[in-house]
Structures are given as C-alpha cells and as structure tokens.
2 protein chains.
Amino acid sequence: MKIRVMLVDDDQMITSSLSYILATDSSIEVVTSCSNGREAIDAIKNNPIDVILMDIRMPICDGVSATKKIMSLYPKVKIIILTTFDEDEYVYEALKNGAKGFLLKNVSPDKLIDAIKAVYNGNILIHQDVALKLTSMLQIKKETSWDIYGLNDTEINIMELIAEGLSNKEIADRVYLSEGTVKNKISEILHKLDLRDRTQMAIFYLKGGSK
Amino acid sequence: MKIRVMLVDDDQMITSSLSYILATDSSIEVVTSCSNGREAIDAIKNNPIDVILMDIRMPICDGVSATKKIMSLYPKVKIIILTTFDEDEYVYEALKNGAKGFLLKNVSPDKLIDAIKAVYNGNILIHQDVALKLTSMLQIKKETSWDIYGLNDTEINIMELIAEGLSNKEIADRVYLSEGTVKNKISEILHKLDLRDRTQMAIFYLKGGSK
DNA sequence: TAAGATGAATGACGAAAGTCATTTCTTAGA
DNA sequence: TCTAAGAAATGACTTTCGTCATTCATCTTA
C-alpha cells in the first residue's frame, strides 16, 4: 500500500518539482495536484488521500482555511503545510486547525520523504527553521521583559497577582505590604503602562504585554 | 561524529533498556544515564550532550523543570520528553520550555532512533498518541463553548467586552443597554461562573474557560 | 384574559478600587 | 552623626463595581 499524496500549490513549478521528487520513493504515490484550497477540497471527495502537502499562501482558498475545512470533513487526512520564512503567523493557526507537519519549501528531498512518512505514521513534525520560530513565539508568550516598561520586581510581582485575580487585600497579604501601599503601587503601574484599571492590567499581562 | 545522548529516568530498567536499544545504531552514543533532573543538570556540565531523553515524572527534579533549566543554560541541547498516557498537562508546559520531542515510553526501537535523528537535526517531533492529545488540547483552547456554563449570547458578549478592558459605561454603549442592566448581567455571569469580579472574569475568559 | 415567565431598568447601598498629598521609616553616603 | 533619597504607610476622597429588591414592559400559554 503506497502512501497516497496530494499536492496543493498555486505555483505549477512547485507541484511538478515536488511530484518529481516524490516519484523517486516507491512507497509514495502522488495522486493529484491542485492549485488552491477550493480545488483540493473538491478533489479529495473523489480520491482517498493519506497526506496532503499544502502551500499556505494561495488565491481563492488559503492553506489555513483549507486545512480547517478538510480536517473537519476528513479528520484522518494528514496535512503538511509548506511555508516560507515570512509566514510565521499562519503556522500557529494551522497547527490549531489540525495540520500535522510544517516544512519550508526549500526542504531537501530526503527530508521531505522522511517527513511524509513520519506524519503518515501519526507524528507531528515541524521543520527546523519553522520550529525555531514557533518555540520562540511560545517563549515570547511565556516571559515578556517587563523592564522595558520601567517596571521593577515588586511591580511585576503585583501585576502577576492581579493577573491571578487577587484583590488588593489578598495581594497585600502575599507581598507583606499594607493594602494602601499596594494601591499606590498599582496606580504607579497603571501610569507606566498607560492603562486604566486592574482588569486592563490583567489582560495586558496575560496577552504578554501587548494591547 | 556520533550523536551524544543522555538518558534521564529514575527507573533503572528504562535507562538500561533504552541504552541497549540505542547501542544498535552506530551513529548514536549513549554518554551518561541519570536518575533525576538534578543529576542531569550536573552531569551535563562535564559532558557535551546533543540529545537528552528525559522522563517527565521523576523525584527531586521533574522533567519539565529540568528541561526549563537545561534549556536556559544550554539552549543547543535537544530534549526529548518520554511520557506515558496520563501526563497530558506536562506536555504543553514542556513544549513551552523548549522540549523538542515527545515520545511514549513504549515507542518501538526504530521509531526511537528516527526520532533522535529528527530532533538532532533541529526538527520538533511529537509522537502519534501524544500529538492526538496535544491537538485536542489546542482545539479546546481555540473555542470554548460557554453554553456549558449556562451563558446566553448577551452574557457571552458582555464577557468578551470585559475581556477587552471596557468599563460598564462603555459596555452599555456598545450593547445598547443601560449601565445598570449591564451591572446586573455581570452579576449574573459572575454567579454562573462562580467568580468574584470582572478581573477574574477577564482572566477566565482569556484562559479559555479554565481557572 | 389572567397568570407567569423573561428582559430591561431603576435606585439605593456597601465595598472595593484608584488618586493624591503627606508622613513615617530606612538606609546609603557625605 | 547628619541628611537626603527612596520605600512604605496613612488618611481622605472620588469613582467605579457589584448586589439586591423592586418596577415596568413584553410576550407566552393555559
């Protein structure tokens, strides 16, 4: 049983070179090529497909929404997103929508074939450079440097507690300051961040420092 | 140049069987075995390591915090987390902390070796079953159904506006209700969600419906 | 049509939250 | 030792929040 692959890219060059590459492996069979997401969704109705190699930026129906649609209709299909360097934002979205692999378009032939097999086996595989960006994205979410807003340690600490939903009294108990002082600190933070109240502050914090 | 691998697991059986498996591949060399995260952090000081296979649940220093620590000290090291079925929560944390691979402990020898190589090459690889849980986790985070908390459309709408940091007056203007009514609605929501104030509500919303 | 449910509004109230001027306490440094 | 700077505290005050009982209007359905 060969792995049945579908290619989706609006650039004819890409699809033909990919199918040329994939033809070299006997366990892979390229079944169809489509030039946009709409076509892909139609084409998959008539063909059972195992793995889709999908461009992320396409006219008519882009890779992210096509992924979403296809995953809802055919959850067993494994979709590998082909991306270039400058399309970070989409990656996270596509992953959420159920894409199973992420490769840069300039991937080497053997790595491409490895990836298809890994994904076919149910793994999620994210290519080196994409992985770098993804982890850095996640890490940015994890720890923002609040120093740049001129916040000191106590202030950051208090902000964290506000983002946990504590009241001033509760915060005061935690940081061993009087409730009044906590209020003052909060006023200070709000000024520095140009925010209005504790709720906006919690939101700001949880979003990693962006309004 | 062989890939230098470190094993970290408190179960002697696991480390010895893993090193037995890995010995079969000529491009991999098991350098050390440690029985907890603390030891691993110490051991890595003396040995240059490429890939770490790390258990997630260990005494003294668990896999997640060890990953965090090691990634901050030696960002080039690739860490593969070994997990069992019932440890979902940790996976997301570990990924955020820079782990590059996720495998179930019962992984087959050849897949284990493939995974080490893939991760060594900079890819992120997440094993089938772990991937399943991870994507379902991400999908849950994507769209929470607030219905289950008994919230109707207006209430959800108001909650969203609170999570944007609006005041009651501002919300009232947006939804064409009086400020008083908005207050009442908010009281209602707080009861249904068992929360205390608007800040906790914003947090709850932004976290996708989990305290 | 009457009874009952539902959604919106009101006003009154207490409790937090946030602001600000001022005072007290600490501590590093002349 | 004295003092100037900074952190913490205080008190007084305004505003906003959140709660609750009650009213009003509308719509359903027995």
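Only this structure's heavy atoms are used, side chains among them; waters, hydrogens and symmetry mates stay out. By convention in this document, chain letters (A, B, ...) are assigned in the order of the sequence lines, proteins followed by strands, and residues within each chain are numbered from 1. On a predicted model such as this, the values are computed, not experimentally measured, just so you know.
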Spacing between [X] atom [atom1] and [N] atom [atom2], to the nearest angstrom:
X: Leu195(A); N: dA17(C); atom1: CG; atom2: P; answer: 17 Å
X: Ile186(A); N: dA16(C); atom1: CD1; atom2: C1'; answer: 11 Å
X: Glu188(B); N: dA9(C); atom1: CD; atom2: C1'; answer: 16 Å
X: Arg198(A); N: dG18(D); atom1: CZ; atom2: C1'; answer: 14 Å
X: Gln200(A); N: dC17(D); atom1: CD; atom2: C1'; answer: 15 Å
X: Leu190(A); N: dT15(D); atom1: CG; atom2: P; answer: 17 Å
X: Asp197(A); N: dC17(D); atom1: CG; atom2: P; answer: 7 Å
X: Asp153(A); N: dA8(D); atom1: CG; atom2: P; answer: 12 Å

**Request:** Verify the neighbour count for atom NZ of Lys69(B): are there more than 12 heavy atoms of other residues, nucleotides or ligands below 6.0 Å?
**Result:** no
**Request:** Please check if atom CG in Asn47(A) has more than 12 non-hydrogen atoms from other residues, nucleotides or ligands closer than 6.0 Å.
**Result:** yes
Applying side-chain hydrogen bond (donor to acceptor under 3.5 Å, both in side chains), can you list everything that pairs with [X], at least two apart in sequence or on another chain?
X: Gln200(A); value: none
X: Ser187(A); value: none
X: Asn168(A); value: Arg198(A)
X: Thr154(B); value: none

**Complete:** Numerically ordered, the residues 157-171 of chain B set in heavy-atom contact under 4.0 Å with DNA chain D is Ser167(B), Asn168(B)
**Fill in**
Expected list for residues 175-185 of chain B near DNA chain D, using heavy atoms below 4.0 Å, is Lys183(B), Asn184(B)
**Asked** Which pairs, with at least one residue in residues 161-171 of chain B and sequence neighbours excluded, count as a salt bridge (Lys or Arg N to Asp or Glu O under 4.0 Å)?
**Response** Arg196(A)-Glu170(B), Glu164(B)-Arg174(B), Lys169(B)-Asp173(B)
**Asked** Does anything in residues 5-17 of chain B pair up under salt bridge (Lys or Arg N to Asp or Glu O under 4.0 Å), and if so which pairs, sequence neighbours excluded?
**Response** Asp9(B)-Lys105(B)
**Prompt:** Are any of Ser187(B)'s side-chain N or O atoms less than 4.0 Å away from OP1 or OP2 of dT19(D)?
**Reply:** yes
**Prompt:** Do the side-chain N or O atoms of Arg196(B) get closer than 4.0 angstrom to the phosphate oxygens (OP1, OP2) of dG18(D)?
**Reply:** no
**Message:** So if I take every side-chain heavy atom of His191(A) and compare against dT19(D), dG18(C), dC20(C), which nucleotide ends up nearest?
**Reply:** dC20(C)
**Item:** Contacts of type side-chain contact (heavy atoms from CB on, under 4.5 Å), residue Ile44(A), not counting sequence neighbours
**Value:** Met6(A), Ile49(A), Ile52(A), Ile70(A), Tyr74(A), Val77(A)
With 3.5 Å as the limit, what N/O pairs link the protein to nucleotides 22-27 of chain C?
none

**Message:** Under the rule for salt bridge (Lys or Arg N to Asp or Glu O under 4.0 Å), what residues qualify as partners of Asp25(B), not counting sequence neighbours?
**Reply:** Lys117(B)
Contacts table for residues 175-184 of chain A: side-chain donor-acceptor under 3.5 angstrom, sequence neighbours left out:
unit_1	atom_1	unit_2	atom_2	d
Ser178(A)	OG	Gly180(A)	N	3.4
Ser178(A)	OG	Thr181(A)	N	3.1
Ser178(A)	OG	Thr181(A)	OG1	2.9

